[in-house]
Amino acid sequence: MLKSFSLDRWTPVFFLAPAFILLLVFRYVPIVLGFEEALYTNSLSQAGARKFVGLANFLAVYEDPVVWGSFKTTLIFSLVVNPLQVGLALLLAELVNARVPGIAVFRAIYLVPIAISAPVTAIAWGLALDPNYGLINGIFRSIGLPRQPFLQSPDQALWSIIGIISWIGVPYWSLFFLAGLQGISSDVLESARVDGASSLRIFVSIKLPLLRRIIAFVLVTDTVVNFTLFAPVYLLTRGGPQLSTHLVMYEAYRRGLVYGDIGIASAIVSVLLIVVIVFVAIEFIILRPQH
């Protein structure tokens, strides 16, 4: 005899089904198709030239020094910007969580970067960092400092991109930490203060352990975002000068849509996906909850 249908049991499934379908169609299916495309040679300039080549595209990626250089640059970029953004976001959240007069106004001001799209922000910073007419060099000149090339210098361009991305990302990630801090029981914090714990001790011994899951979420998400960064590089430097900001996603775009080699571009993105999965797995292992 069939068991009676339980609406309560299937209600969560009904609510989650639309989100799952969207993820399947717009995330997982493209990933599978991307891996499949990496097994074929396919040129936008030669109609009908698509043919199966197995792992030849991956071998070409392995032997290409420009691709290796883009992976190296992306790795350096991520190893710097990820902890920088997470650390600054955590400190900013601690600051705006303080109950002091005028804190609501400060919260509104520091959230301004979130309200502006990343491409618009990148263009605005590109104008501000212009070596001849930019606001930043204008300030430098007014206080007697020499002009800086910023985005036009191989030594400064990547660091300028890191600064721009942090300006966008830090306020956004701090929202998650602020929510976590406000979810900590005030009784726990007050008990620690009564016992004589300093603010630093409370932050390190109480707040950080309770924020462990949020830190893991922010770090993992930030890792994925920064490994796949494209728009600021495309808008500001086009991978230059001298390939100093030549990140992997820009190289994949260049191979696929500039030179028309879809197979190589798909192989680059597939390798990048594997690298991101490895880094995310390591972060989950390091930040897994302690029982």
Side-chain angles (χ1 to χ4, degrees), residues 70 73-98 100-178 218 221-223 225-251 253-254 258:
S70 68
T73 302
T74 303
L75 181 61
I76 294 173
F77 173 79
S78 297
L79 290 177
V80 173
V81 76
N82 291 346
L84 177 65
Q85 286 191 9
V86 173
L88 290 178
L90 187 56
L91 293 177
L92 181 60
E94 176 70 8
L95 177 63
V96 299
N97 191 46
V100 295
I103 193 62
V105 176
F106 179 76
R107 288 176 181 173
I109 293 174
Y110 98 91
L111 289 176
V112 168
I114 302 176
I116 306 173
S117 67
V120 173
T121 300
I123 293 173
W125 273 106
L127 295 173
L129 296 175
D130 185 274
N132 298 314
Y133 308 106
L135 173 63
I136 305 301
N137 274 310
I139 295 174
F140 283 179
R141 185 178 180 182
S142 67
I143 60 178
L145 295 176
R147 295 180 182 271
Q148 299 298 320
F150 293 120
L151 296 170
Q152 298 181 10
S153 167
D155 298 323
Q156 298 181 17
L158 185 62
W159 298 102
S160 298
I161 295 293
I162 289 174
I164 294 171
I165 294 304
S166 298
W167 190 84
I168 299 172
V170 168
Y172 177 75
W173 299 122
S174 69
L175 288 177
F176 295 90
F177 292 129
L178 179 60
V218 170
T221 310
D222 197 35
T223 298
V225 169
N226 290 321
F227 261 104
T228 57
L229 185 72
F230 171 74
V233 173
Y234 174 77
L235 293 171
L236 297 177
T237 64
R238 299 297 174 94
Q242 300 177 24
L243 301 180
S244 59
T245 61
H246 198 76
L247 302 183
V248 174
M249 285 303 296
Y250 182 77
E251 173 63 13
Y253 156 80
R254 191 172 70 98
V258 176

Check whether any side-chain heavy atom of [X] lies under 4.5 Å from a side-chain heavy atom of [Y], and answer yes or no.
| X | Y | answer |
| --- | --- | --- |
| W173 | T221 | yes |
| P232 | I165 | yes |
| L92 | L88 | no |
| V80 | L158 | no |
| R238 | Y250 | yes |

Pairwise distance [atom1]([X]) to [atom2]([Y]) - rounded to 0.5 angstrom:
| X | Y | atom1 | atom2 | answer |
| --- | --- | --- | --- | --- |
| F150 | L236 | CZ | CG | 13.0 Å |
| T223 | L79 | OG1 | CG | 9.0 Å |
| I168 | I114 | CD1 | CD1 | 11.0 Å |
| Q85 | S174 | CD | OG | 11.0 Å |
| L129 | I161 | CG | CD1 | 9.0 Å |
| W125 | L135 | CH2 | CG | 8.5 Å |

Sub-3.5 Å donor-acceptor pair from the side chain of [X] to the main-chain atoms of [Y], do we have one?
| X | Y | answer |
| --- | --- | --- |
| S70 | L247 | no |
| S142 | I139 | yes |
| R141 | R147 | no |
| N82 | S78 | yes |
| T74 | V248 | yes |

Which atom of [X] lies closest to which atom of [Y], heavy atoms considered:
| X | Y | answer |
| --- | --- | --- |
| P113 | P171 | CG-CG, 4.0 Å |
| S153 | P241 | C-CG, 3.5 Å |
| L178 | A93 | N-CB, 3.6 Å |
| S160 | L151 | CB-CD2, 3.7 Å |
| D130 | N132 | OD1-N, 2.8 Å |
| N226 | F77 | O-CE2, 3.6 Å |

Legend entry - More than 12 heavy atoms from other groups under 6.0 Å of CZ on F176: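 It does: F176 CZ has more than 12 such atoms within range.
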Inset, instruction - Specify whether Y234 and Y253 have parallel, tilted or perpendicular ring planes, treating 30° as the upper limit for parallel and 60° as the lower limit for perpendicular. - result: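 If you compare the ring of Y234 with that of Y253, the planes turn out perpendicular.
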Legend entry - Non-neighbouring partners of F177 that pass ring pair (Phe, Tyr, Trp, His ring centres under 6.0 Å), sequence neighbours left out: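 If we apply the ring pair (Phe, Tyr, Trp, His ring centres under 6.0 Å) test to F177, skipping adjacent residues, there are no hits.
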